[in-house]
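Lettering follows sequence order; numbering is per chain, from 1.
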Number of protein chains: 2
Amino acid sequence: MSDQRRERADATRNRRAILAATEDLLTRHRPEKITMEQIARAAGVGKGTVFHRFGSRGHLLMAVMQERAFALNESILSAPPPLGPGASAHERLYAFLDAVVEIVSRNKGLVAALGAALPSAGRSTTDTHCADLPDRATKSAEPSHAATGEARPVYDVWHSHISALIAEERADLDADLVAHVLLSSLHSDPILRLLENNEGHRLATALRAITTALLAMPAVPPSLA
Amino acid sequence: MSDQRRERADATRNRRAILAATEDLLTRHRPEKITMEQIARAAGVGKGTVFHRFGSRGHLLMAVMQERAFALNESILSAPPPLGPGASAHERLYAFLDAVVEIVSRNKGLVAALGAALPSAGRSTTDTHCADLPDRATKSAEPSHAATGEARPVYDVWHSHISALIAEERADLDADLVAHVLLSSLHSDPILRLLENNEGHRLATALRAITTALLAMPAVPPSLA
DNA sequence: CATGCTACTGGACTCCGAGTCCAGTTGTCC
DNA sequence: GGACAACTGGACTCGGAGTCCAGTAGCATG
């Protein structure tokens with residue numbers, strides 16, 4: 001039985017093909033110039049299939065990103081101490097920031113494209129999807145992907161991780177906001193350009209410096225609203 | 001005389017009308033839904049005119065942003081001390097960051113749209129403009145706007161200002177990069193959403209905290225590449 | 001193995017907006 | 001007031017995202 005039938009074999013094959021084709025194209029072309037039609041052709045399927053599986057360009061890109069970030073997101077929860085649980089909050093922070101910079105460096109294009117592809121996430125104005133694509137949104141089906149179906153799963157995971165670690169060490173800071181600031185650098189155009197130039201270490205260093213400074217910060221700014 | 005003829009009166013009138021119409025629309029609609037045609041209609045001119053004056057959607061948006069930031073950019077150079085020259089670097093930093101948060105809060109939409117509208121600035125792949133629009137790029141013409149014609153004039157001014165101030169206080173930091181990180185928060189989607197919710201003060205506070213921490217930072221990380 | 005149910009497929013099609021073109025207009029300079 | 005060029009505007013092209021639906025083929029069941 002099972003109220004949810006298993007995904008059909010050809011569907012799985014095609015989904016994989018699409019994801020693979022997208023990744024492949026991403027390595028060879030500017031992401032904003034890759035069209036859905038190209039992806040479909042490269043994957044050997046029709047455009048309709050791509051949209052059927054992923055709903056929109058943005059969602060497809062997100063799926064790819066999610067795949068890329070999968071390993072890291074696992075590591076956070078269960079991995080040897082520097083990254084995984086067990087080390088001190090700031091050691092984990094360092095390790096995680098380094099890992100994130102690393103992952104973004106190897107996906108600049110994708111990250112840039114993602115930034116441009118998602119209209120604004122939680123808008124009311126004719127936010128067509130998620131409403132008329134109930135089946136696709138609820139898909140999941142494959143254990144290997146753990147598709148959460150969230151709005152920005154990758155960002156959210158990263159953000160809450162950083163935020164939690166910061167809060168753990170410094171309850172006096174607005175951890176939530178600081179985490180956003182740290183992560184925002186990864187979407188910044190000038191910085192993405194820097195990464196293209198293999199200067200990722202500069203970013204990593206700067207983020208470390210900021211983190212160190214914050215955690216070591218002497219006084220507690222009580223709240224000067 | 002003057003190798004550059006004065007801008008024609010009707011041209012000026014129309015340019016102003018277009019700018020005004022854009023600002024107006026921006027206050028009432030999601031920026032990504034505003035089309036060039038709408039702007040033209042609202043300004044009472046033809047679409048061709050809009051493109052003739054501004055070259056592209058991105059450039060138009062940038063022109064508007066430039067106008068909005070004009071006052072602040074002037075203040076940096078010549079204004080009473082907290083903002084203008086005369087105060088200590090970190091006082092100026094605080095003042096400037098506050099001002100920037102303020103200005104971005106009152107222009108979230110525009111900033112978001114700008115982020116999405118500029119493909120990537122300095123790309124080689126068929127970067128058509130700036131090449132086939134020499135006359136428009138060199139326009140300037142009106143003293144009141146001081147149109148520099150740069151790629152991202154506003155961002156660049158802000159960045160180099162912050163960068164210089166940081167460098168002045170802490171030669172050991174990668175001021176350039178840190179400045180990018182600070183500014184990047186202003187383009188971040190989650191943070192823009194926050195600003196929409198009138199939580200700008202949280203951002204301002206967080207940026208202050210980061211700045212304070214950095215400037216007060218004890219050790220000098222010598223360079224752990 | 002046959003048979004039905006239905007999810008999946010694919011490519012032609014619609015829709016829409018950015019940017020182009022150019023014939024006509026109108027400021028400006030002399 | 002005449003010539004010249006810059007400006008104007010709207011019809012047009014181009015191209016990509018997303019839709020549609022008739023056809024196909026997995027999967028379950030007897």
Q.
Check the orientation of A:His159 and A:His180. Use parallel for under 30°, tilted for 30 to 60°, and perpendicular for over 60°.
A.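 Judged by the thresholds at 30° and 60°, the geometry between A:His159 and A:His180 is parallel.
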
Just how far, in rounded Å, is [atom2] of [N] from [atom1] of [X]?
X: B:Arg41; N: C:dC16; atom1: CZ; atom2: P; result: 13 Å
X: A:His59; N: D:dT19; atom1: NE2; atom2: P; result: 11 Å
X: B:Ile39; N: C:dG17; atom1: CD1; atom2: P; result: 12 Å
X: B:Asp10; N: C:dT25; atom1: CG; atom2: P; result: 15 Å
X: A:Arg53; N: C:dG10; atom1: CZ; atom2: P; result: 12 Å
X: B:Glu32; N: D:dA17; atom1: CD; atom2: C1'; result: 16 Å
X: A:Gln38; N: C:dG11; atom1: CD; atom2: P; result: 16 Å
X: B:Ile34; N: C:dC16; atom1: CD1; atom2: P; result: 18 Å

Q: Establish, from distance only, whether the side-chain atoms of B:Ser184 and A:Ser185 form a donor-acceptor pair under 3.5 Å.
A: no

Q) Between B:Lys47 and B:Glu37, does a salt bridge (Lys or Arg N to Asp or Glu O under 4.0 Å) hold up when you go through it step by step? A) CA-CA 6 Å; B:Lys47 207 176 165 188; B:Glu37 197 136 4; 3.7 Å; yes

Please determine if a side-chain N or O atom of [X] lies less than 4.0 Å away from the OP1 or OP2 oxygen of [N].
X: B:Arg8; N: D:dA6; answer: no
X: B:Asn14; N: D:dC7; answer: no
X: A:His52; N: C:dT9; answer: no

Proximity to the side chain of [X] - top-ranked nucleotide from [options]:
X: A:Lys47; options: C:dG10, C:dC13, C:dA18; answer: C:dC13
X: A:Ala11; options: D:dC7, C:dC8, D:dT19; answer: C:dC8
X: B:Arg57; options: C:dG19, C:dG27, D:dG16; answer: C:dG19
X: A:Ser56; options: C:dT28, C:dT9, D:dG18; answer: D:dG18

(Q) Closest-nucleotide mapping onto DNA chain C: is B:Ala9 or B:Met36 further toward the 5' terminus? I mean the 5' end. (A)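 Result: B:Met36.
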
Q.
For A:Val45 and B:Gly58, find the nucleotide of DNA chain C closest to each by heavy atoms; which residue's nucleotide sits nearer the 5' end?
A. A:Val45

Q: Have a look at B:Thr49 and say if it touches a base, only the backbone sugar-phosphate, or nothing, with a 4.0 Å heavy-atom cut-off.
A: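 Since a base atom lies under 4.0 Å of B:Thr49, the category is base.
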
Q. Does the salt bridge (Lys or Arg N to Asp or Glu O under 4.0 Å) test come out yes or no for A:Glu23 and A:Arg16, once each step is laid out?
A. CA-CA 11 Å; A:Glu23 300 208 351; A:Arg16 292 237 176 82; over 6 Å; no

**Q.** Rounded distance [0.5 Å steps], OG1 in A:Thr22 versus CD in A:Glu67
**A.** 9.5 Å

